[in-house]
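Read through the structure below, which is laid out as structure tokens, and then see the notes.
Remember, it's 1-based here, ligands and their atoms both numbered in the order they're listed. We number each residue from 1, following the sequence as shown.
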Amino acid sequence: MKPQPTIIAVVPAAGIGSRMQADRPKQYLLINGKTILEHTLQALHSHPAIAHVVVAISPEDPFFAELPVASASWLTRIAGGQERADSVLRAVATLPADCWALVHDAARPCLSHADIDKLVGVCTQQEVAGGILATPVRDTMKRARPGASQSPEIAHTECRENLWHALTPQLFRADQLTQALAQGLAQGLPITDEASAMEAAGYCVALVDGNPANIKITRPADMPLAQFYLSALQEHN
Ligand SMILES: Nc1ccn([C@@H]2O[C@H](COP(=O)(O)OP(=O)(O)OP(=O)(O)O)[C@@H](O)[C@H]2O)c(=O)n1
Ligand SMILES: C[C@](O)(CO)[C@H](O)COP(=O)(O)O
């Protein structure tokens with residue numbers, strides 16, 4: 001049995017939530033009386049394997065300082081960057097090299113402790129550089145013809161065998177992730193999650209079958225679904 005590593009959660013929360021079309025960044029919208037960000041931070045902080053939380057906040061953000069959690073001793077705020085990967089790199093680069101970074105979107109509040117346990121278990125017991133929560137694709141996948149049409153034509157059907165949706169958290173050693181992110185960004189690669197940087201750097205990354213309720217709140221239609229999942233989750237975490 002490998003020793004349990006020190007795990008620090010990293011929460012990218014410096015986005016503007018443009019697709020949500022709200023009056024504030026989506027991580028500050030309320031569900032059951034708390035902001036989405038507070039739900040996410042609480043889900044991470046309340047897990048016994050997580051030693052500390054680092055949250056990336058936009059330097060122009062006027063909301064975070066008003067949250068009670070802003071003064072928590074278990075939380076460190078750092079300035080986010082232009083893109084999600086920049087925010088994550090800035091946060092992970094502050095971590096001790098030998099700890100593990102558990103990177104989780106602020107926009108995913110419906111995270112269960114069971115899923116964190118599953119991810120940590122695979123990453124500490126399998127011979128992999130790290131892993132990500134993910135769910136196998138269930139639907140037939142279509143590639144659209146390029147164009148700005150609201151209802152584009154189908155170009156072709158993609159093979160969905162071995163195709164997964166990447167979720168978060170994504171768990172890697174802080175030193176390896178820092179180097180992989182910096183290298184991927186310097187090369188101009190499309191780094192939309194931590195695993196894409198680690199893959200580009202040649203590392204082996206595990207797919208860990210996670211709960212599909214762990215949705216990323218992105219558009220207005222996601223809010224009632226997130227409220228349903230959060231209410232169900234709060235009986236278990
Ligand atoms: N420069 C950025 C951009 C995004 N994020 C964070 O990355 C997570 C996932 O990104 P996404 O869902 O795309 O959030 P936004 O970028 O805010 O949304 P949009 O693309 O609709 O503007 C979110 O918690 C967001 O706050 C970040 O920390 N720094
Ligand atoms: C990291 C992520 O949530 C995995 O699916 C996703 O890539 C974030 O993408 P976004 O466009 O930054 O929301």
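Taking the six-membered ring where tryptophan is involved, the planes of H45 and W74 are essentially parallel, since the angle between them stays under 30° and well short of 60°.
Side-chain atoms of H39 never come within 3.5 Å of backbone atoms of N32 as a donor-acceptor pair (strictly under, hydrogens ignored). Of the possible polar contacts, none joining the T168 side chain to the Q170 backbone as a donor-acceptor pair under 3.5 Å is found. Judged by distance alone, the side chain of Q21 and the main-chain N or O of S18 form no donor-acceptor pair under 3.5 Å. Between the side chain of K118 and the main chain of D209, a donor-acceptor pair closer than 3.5 Å is present.
Contact between H104 and ligand 2 is absent, with no heavy atom of the residue lying under 4.0 Å from the ligand.
Contacts between E83 and ligand 2, counted as non-hydrogen atom pairs separated by less than 4.0 Å, are absent for every part of the residue. Under 4.0 angstrom from ligand 2, the non-hydrogen atoms of R108 all belong to its side chain. Heavy atoms of H165 found under 4.0 angstrom from ligand 2: none, in either backbone or side chain. Of the heavy atoms in R108, none comes closer than 4.0 Å to ligand 1. Residue-level proximity to ligand 1 for S18 is carried by backbone and side chain together, each with a heavy atom below 4.0 angstrom.
If you number the atoms of ligand 2 from 1 as listed, the ones under 4.0 Å from a heavy atom of D193 come out as 1 (C). The ligand atoms of ligand 1 that sit less than 4.0 angstrom from a heavy atom of A107 are 24 (O). Which parts of ligand 1 touch I16 is read off a 4.0 Å heavy-atom cut-off, strictly below it: atoms 17 (O), 22 (O). Near Q82, the atoms of ligand 1 lying under 4.0 angstrom from a non-hydrogen atom of the residue are 1 (N). The contact set between ligand 2 and R84, taken as ligand atoms under 4.0 Å from a residue heavy atom, comprises 1 (C), 12 (O). Near R19, with a cut-off below 4.0 Å to any heavy atom, the atoms of ligand 2 are 10 (P), 11 (O), 13 (O).
Of the N and O atoms on the side chains of T40 and H104, not one donor lies less than 3.5 Å from an acceptor on the other residue. Side-chain contact check for D193 and S196: at least one donor-acceptor pair (N or O, by modelled atom type) lies under 3.5 Å. Side-chain atoms of H52 and T6 include no donor-acceptor pair closer than 3.5 Å. Between the side chains of H47 and D117, at least one donor N or O sits under 3.5 Å from an acceptor N or O. With no hydrogens or angles considered, a side-chain donor-acceptor pair links E38 and T35 at under 3.5 Å.
Looking at G17, A85, G15, it is G15 that brings a heavy atom closest to atom 4 (C) of ligand 1. Nearest residue to atom 1 (N) of ligand 1 from P25, G81, A91 is G81 (criterion: closest heavy atom). For atom 6 (C) of ligand 2, the choice among V103, T192, I132 with the nearest heavy atom turns out to be T192. Of the candidates H104, M20, Q21, R84, R84 brings a heavy atom nearest to atom 7 (O) of ligand 1.
Between I132 and L207, some side-chain heavy-atom pair lies under the 4.5 Å cut-off.
Of the polar atoms of L167, none of the N or O atoms is found under 3.5 Å from an N or O of ligand 2, judged by distance alone. Below 3.5 Å of separation, one finds no N or O of A56 facing any N or O of ligand 1. Between D105 and ligand 2, at least one pair of N/O atoms sits closer than 3.5 Å. Annotation: D105 places no N or O atom under 3.5 Å from an N or O atom of ligand 1; distance criterion only.
I215 and V11 are assigned to two separate hydrophobic clusters, defined by single-linkage of ILVMFWY side chains at heavy-atom distances under 4.5 Å.
Remark: R219 engages no residue in a side-chain hydrogen bond (donor to acceptor under 3.5 Å, both in side chains) (not counting sequence neighbours).
In this structure, the protein non-hydrogen atom closest to atom 20 (O) of ligand 1 is R19 NH2, 2.9 Å. With respect to atom 29 (N) of ligand 1, the closest heavy atom belonging to the protein is S87 OG, 2.8 Å. When hydrogens are left out, the protein atom nearest atom 11 (P) of ligand 1 is K26 NZ, 3.6 Å; that is the closest non-hydrogen contact. Shortest contact from atom 4 (C) of ligand 2 to any protein heavy atom: A166 O, 3.4 Å. If you check which protein heavy atom lies closest to atom 28 (O) of ligand 1, you get A14 N, 2.9 Å. Looking only at protein heavy atoms, the nearest one to atom 24 (O) of ligand 1 is P12 O, 2.9 Å. Shortest contact from atom 13 (O) of ligand 2 to any protein heavy atom: K216 NZ, 2.6 Å.
Salt bridge R143/E153: absent, no basic N to carboxylate O contact under 4.0 Å. Taking 4.0 Å as the cut-off between side-chain N and carboxylate O, D105 and R84 count as a salt-bridged pair.
Considering all non-hydrogen atoms of both residues, L233 and S112 come closest at CD1-CB, 3.6 Å.
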